[in-house]
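Notes to accompany the following structure.
Throughout, numbering of the chain's residues begins at 1 and tracks the sequence.
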Amino acid sequence: MGIVNRAKNATQHAVGASREKIGRASGDVELERIGKSDQRRSKMKKAAEKFKRVFKH
């Protein structure tokens, strides 16, 4: 289950980065914000997974 979650988080981060870049290039501020938000969510999930792994053992 951990590998699946990590893959989903990596995908979410990549999608967020591309949304941010597309938003910045096209001048769409809302799309840029959504991309940044996706990246932040992905980072928080990654930190939570690390936290779980540290205290699991």
Problem - Separation between NZ of Lys46 and CG of Asn9, rounded to the nearest 0.5 Å - result: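 Result: 9.0 Å between the selected atoms.
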Problem - Results of side chain to side chain donor-acceptor pair (under 3.5 Å) for Ser37 - residues two or more places apart only - result: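 With neighbours one apart ignored, the set is Arg41.
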Exercise for the section: Return the set of residues passing side chain to side chain donor-acceptor pair (under 3.5 Å) with Glu20 (not counting sequence neighbours), or none when no residue passes. Expected result: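 Here the qualifying residues are Arg24, Gln39.
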Exercise for the section: Any pair with a residue in residues 10-19 that passes salt bridge (Lys or Arg N to Asp or Glu O under 4.0 Å), sequence neighbours left out, goes on the list, sorted by first then second residue, please. Expected result: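 Pairs touching residues 10-19 that pass the test: Arg19-Asp38.
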Problem - Asn5 side chain near Glu49 side chain, heavy-atom distance below 4.5 Å - result: yes
Problem - Heavy-atom side-chain proximity of Ile22 to Leu31 below 4.5 angstrom - result: yes
Exercise for the section: Among Arg40, Lys8, Lys43, find the one that has a side-chain contact (heavy atoms from CB on, under 4.5 Å) with His13. Expected result: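 Result for side-chain contact (heavy atoms from CB on, under 4.5 Å) with His13: Lys43.
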Practice task
Search all heavy atoms of Ser18 against all heavy atoms of Val15 and return the closest pair with its distance.
Solution key: OG-O, 2.9 Å
Practice task
Would you confirm whether Ser42, through its side chain, and Gln12, through its main-chain N or O, come within 3.5 Å as a donor-acceptor pair?
Solution key: no
